[in-house]
2 protein chains.
Amino acid sequence: MSINMDQLFEVPPGLRNVVVTETELGDVRGDEGFYHYRQYSAVELARTKTVEDVWFLMLEGRLPTAEERGRFVAEVAPLRVLPDEVREILPAVAAAGVAEKPLAGLRTALSVLAAARDLPPLWDADPARRKADAMLVCAVTPTILAALHRLRQGEQPLEPRDDLSAAANWLYLVTGNEPTAEQVAAIEAYLIATVDHGFNASTFTARVIASTGADVVSAVAGALGAFSGPLHGGAPDRALASLDEIGTPERADAWVRAKVAAGDRIMGFGHAVYRTDDPRSLMLREIAQGLGGELVDFAVTVERTVVDVLAELKPGRNLYANVEFYAGVVMERCGLPRSMFTPTFAVSRVIGWTANILEQAEDGKIIRPAARYVGPPPPAPID
Amino acid sequence: MSINMDQLFEVPPGLRNVVVTETELGDVRGDEGFYHYRQYSAVELARTKTVEDVWFLMLEGRLPTAEERGRFVAEVAPLRVLPDEVREILPAVAAAGVAEKPLAGLRTALSVLAAARDLPPLWDADPARRKADAMLVCAVTPTILAALHRLRQGEQPLEPRDDLSAAANWLYLVTGNEPTAEQVAAIEAYLIATVDHGFNASTFTARVIASTGADVVSAVAGALGAFSGPLHGGAPDRALASLDEIGTPERADAWVRAKVAAGDRIMGFGHAVYRTDDPRSLMLREIAQGLGGELVDFAVTVERTVVDVLAELKPGRNLYANVEFYAGVVMERCGLPRSMFTPTFAVSRVIGWTANILEQAEDGKIIRPAARYVGPPPPAPID
């Protein structure tokens, strides 16, 4: 039963460990608890650099000089402003109930942008144009997400401020308040640490779509869809919901045992790749402890309990807190409402998606695997 | 340089011939020039059945009885009507210039629909709900595409007619005229023949997104993005543009030689899987010849010339007319404007995408391959 004349390749389910492409963007080393962006430890970048530095790094392959940083910041600041076509349609989009679903709202607005601006297919665009479109999408994403959030609250969207960094501007656009330096540093670290993380399903989706030569927004829209999937991970509000459910530290033990007994997944723990501590989790715990507060202490206690109980009940599985667990705690302490946790993840990850899209566009080959037909043999007679 | 502790699998570039999944939906046999939907020759279905029959077949795994067909037609007819949230936003979407890009317009409107209706993730939905959402998306897709087209022309969208079949209703919604029986039969055959076709990049994209457990629209929106890519194929207007460029039959030979010499792709010829005549092309040629007219005669002459010249210039490559070549001719003869050629393809293919999405949802495992890092070794010191 041949699909074509060539040999078919058998691979593990879900393409697990199947090498789809080469990349210079980064690497996740699950057994070492280490990941990097273009050679630089992502956690070290998060501790020491700005979102704009890392954004430049992903695009250009090196960290910017002071002068390059200044030019880059000046270049992206005007791109944050909502394009008129998007600005005009957002109230109607919000009124249709779309703001309740921020990722679908972002997909809606970016689709309008792509069509209104007639974004060229990657296949037809030169590298400079591709990069310009990618930068526009990344710069306008926070503005769209924050505008939909405020419209949903019955408030007017705020204009982005070009005197604020990307991280500070994000907190300002969502909350309407100028954030403290401590909050900016915390969110900056979170955003940098979540820019990219290997070949997760949304990044892979973006590259599959980019491999057809479609435009940047088509690829980002697909990534947003994959990203919204419950199996993708990356929903920091779910972990916080678990903390709510547990309520008090002494209930943590019984809670996790009941979850495991019921066969439920425990949000915020375990990862497809890491077999040791998730380096993002370690950093975010430290940041959360720096911000301090009752919620943070509670989260630390719950983490310890859950890890211990999981080690007892599921020996050898090496289940640790993942990026979701402390992300929600950090975001809550920075004044972000829970509905904006996943959008905050999208604000940074879109930088990683577009870097992957640009890299895939250089490749120029379509990603087109095969399926094996396992139904009854054709042809069946038609009455 | 390990990504994790397990072995990495080397596969051909672009995942060519790599088996990602098993399917009961169909199979393309490139060396036999044959493809089928759930055992039934797709070309035979196209010659003898209705879109609704094949839609039912894709969903249920068997052709409907007369009674089942009646129930199914009655069930989908009301789903064609534009939901209020979409109806209200479409004029603003069209005004933003989105109607010039029908696939982005459809993605915009479906994203609004998904958010406004709060479509559940596949992961959370039971099979009946998944199927209902898939049917809604397929039923409303033609209405959205036709409405955007008419708004772009400065005309009011038409209400779908429940006394018309899916194929006839599509022609009516776009053209505003009740089509002839001959036109309906031709478009019906085209739509059926393009419902599904193996693991093309858009179908694969839909399944990757579905594998994360995201909602049906997230998966369809990603598929639309991949579908819009120039390397995906499926743009019947491009082949017709080639006919325009050639102009007269005697210029065909020189035109194709010039194209080949310049290294340009020749739209409407060659296919990733077929190494013999594309069975869709053979059927569509016959249908085009049944419709008759000068354009059809011209296309037949050009096809013969191009195939002969390609056989001479690229021996052993087996380049034949593909589904694009006669599709445009058939659609033009059915009164569809060129801007609606690709949308017509989307109207049928969304049935195939959603069938694939539903099948993937049954699987429940995420599709998550790997990339190999090939940049300089980390960690690099950060200044």
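Because only heavy atoms are used, hydrogens play no part in the values below, and waters and symmetry mates are left out as well, while side chains stay in. As the structure is a computational prediction, the values presented were derived from the model and not from experiment. A, B, ... follow the sequence lines: proteins, then strands. Residue 1 opens every chain.
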Worksheet item: Going by the ring-ring contact (aromatic ring centres under 6.0 Å, His included) test, which pairs reach into residues 198-221 of chain A, not counting sequence neighbours?
Response: A/Phe199-A/Phe204, A/Phe204-B/Phe204
Worksheet entry | Interface residue of largest heavy-atom contact number with chain B, from A/Gly213, A/Gly364, A/Ala210, under 4.5 Å | A/Gly213
Fill in: Max heavy-atom pair count under 4.5 Å with chain A, selected residue of B/Ala223, B/Ala214, B/Gly222
B/Ala214
Discussion item. Quick test of your reading: applying side chain to side chain donor-acceptor pair (under 3.5 Å), list the pairs with at least one residue in residues 94-112 of chain A, sequence neighbours left out, ordered by first then second residue.
Written reply: A/Glu100-A/Arg152, A/Lys101-B/Asp118, A/Arg107-B/Ser111, A/Arg107-B/Ser218, A/Ser111-B/Arg107
Worksheet item: For B/Ile366 and A/Ala201, which heavy atoms make the closest approach, and how far apart are they?
Response: CD1-CB, 4.0 Å
Item to complete: Check whether B/Thr48 gets within reach of chain A through its side chain, its backbone, both or neither, counting any heavy atom under 4.5 Å.
Response: side chain
Practice prompt. Counting only heavy atoms closer than 4.5 Å, note whether A/Pro102 contacts chain B via side chain, backbone, both or neither.
Written response: neither
Worksheet item: In Å and rounded to the nearest 0.5 Å, what is the CD1 to CZ distance from B/Ile367 to A/Arg16?
Response: 14.5 Å
Worksheet entry | Among A/Ser211, A/Pro12, A/Gly105, A/Ala221, residue most engaged with chain B (heavy-atom pairs, under 4.5 Å) | A/Pro12
Worksheet, complete the sentence: Okay, A/Val220 and chain B: the region with an atom under 4.5 Å from a heavy atom over there is neither
Worksheet item: Nearest 0.5 Å, what's the CZ-OH distance between A/Arg29 and B/Tyr373?
Response: 8.0 Å
Worksheet, complete the sentence: Filtered by a 4.5 Å non-hydrogen cutoff, the part of residues 88-95 of chain A contacting chain B is A/Ile89, A/Ala92, A/Val93
Worksheet entry | chain B contact via A/Leu103 - side chain, backbone, both or neither, heavy atoms under 4.5 Å | neither
Item to complete: Begin from the C-alpha positions of A/Leu15 and B/Leu15 and carry the test side-chain contact (heavy atoms from CB on, under 4.5 Å) through to its verdict.
Response: CA-CA 10 Å; A/Leu15 295 177; B/Leu15 295 178; 3.9 Å; yes
Response to the item:
Closest non-hydrogen contact found for A/Pro369 with B/Val20 is CB-CG2, 3.2 Å
Worksheet item: Which region of A/Thr23, side chain (C-beta onward) or backbone (N, CA, C, O), has a non-hydrogen atom less than 4.5 Å from a non-hydrogen atom of chain B, or is it both or neither?
Response: both
Worksheet item: chain B heavy atoms under 4.5 Å from A/Pro121: which part of the residue, side chain, backbone, both or neither?
Response: side chain
Discussion item. Can you give me the closest heavy-atom contact between B/Ile209 and A/Ala226, atom names plus distance?
Written reply: CG2-N, 3.7 Å
Worksheet, complete the sentence: chain B shares the most heavy-atom pairs under 4.5 Å, among A/Val208, A/Val18, A/Asp84, with A/Val18
Worksheet item: Which pair of non-hydrogen atoms, one from A/Ala96 and one from B/Ala116, has the smallest distance, and what is that distance?
Response: O-CB, 3.0 Å
Worksheet item: Is it the side chain or the backbone of A/Arg38 that comes within 4.5 Å of chain B heavy atoms, both, or neither?
Response: backbone
Practice prompt. With a 4.5 Å cut-off on heavy-atom pairs, point out which of B/Gly26, B/Gly198, B/Ser228 contacts chain A the most.
Written response: B/Gly26
Fill in: Minimal non-hydrogen separation, A/Glu10 against B/Val19, with atom names
OE2-CG2, 4.2 Å
Worksheet item: How many angstroms lie between atom OG1 of A/Thr205 and atom CZ of B/Arg368, to the nearest 0.5 angstrom?
Response: 11.5 Å
Practice prompt. Please name the pair of heavy atoms, one in A/Phe34 and one in B/Pro379, separated by the smallest distance, quoted to 0.1 Å.
Written response: CZ-CB, 4.2 Å
Worksheet item: Of the backbone (N, CA, C, O) and the side chain (C-beta and beyond), which part of A/Tyr35 lies under 4.5 Å from a heavy atom of chain B, both, or neither?
Response: neither
Worksheet item: With respect to chain A, which residue among B/Pro381, B/Ser202, B/Pro376 yields the maximal number of heavy-atom pairs within a distance under 4.5 Å?
Response: B/Pro376
Worksheet item: With B/Tyr274, which residues qualify under ring-ring contact (aromatic ring centres under 6.0 Å, His included), at least two apart?
Response: B/His197, B/His271
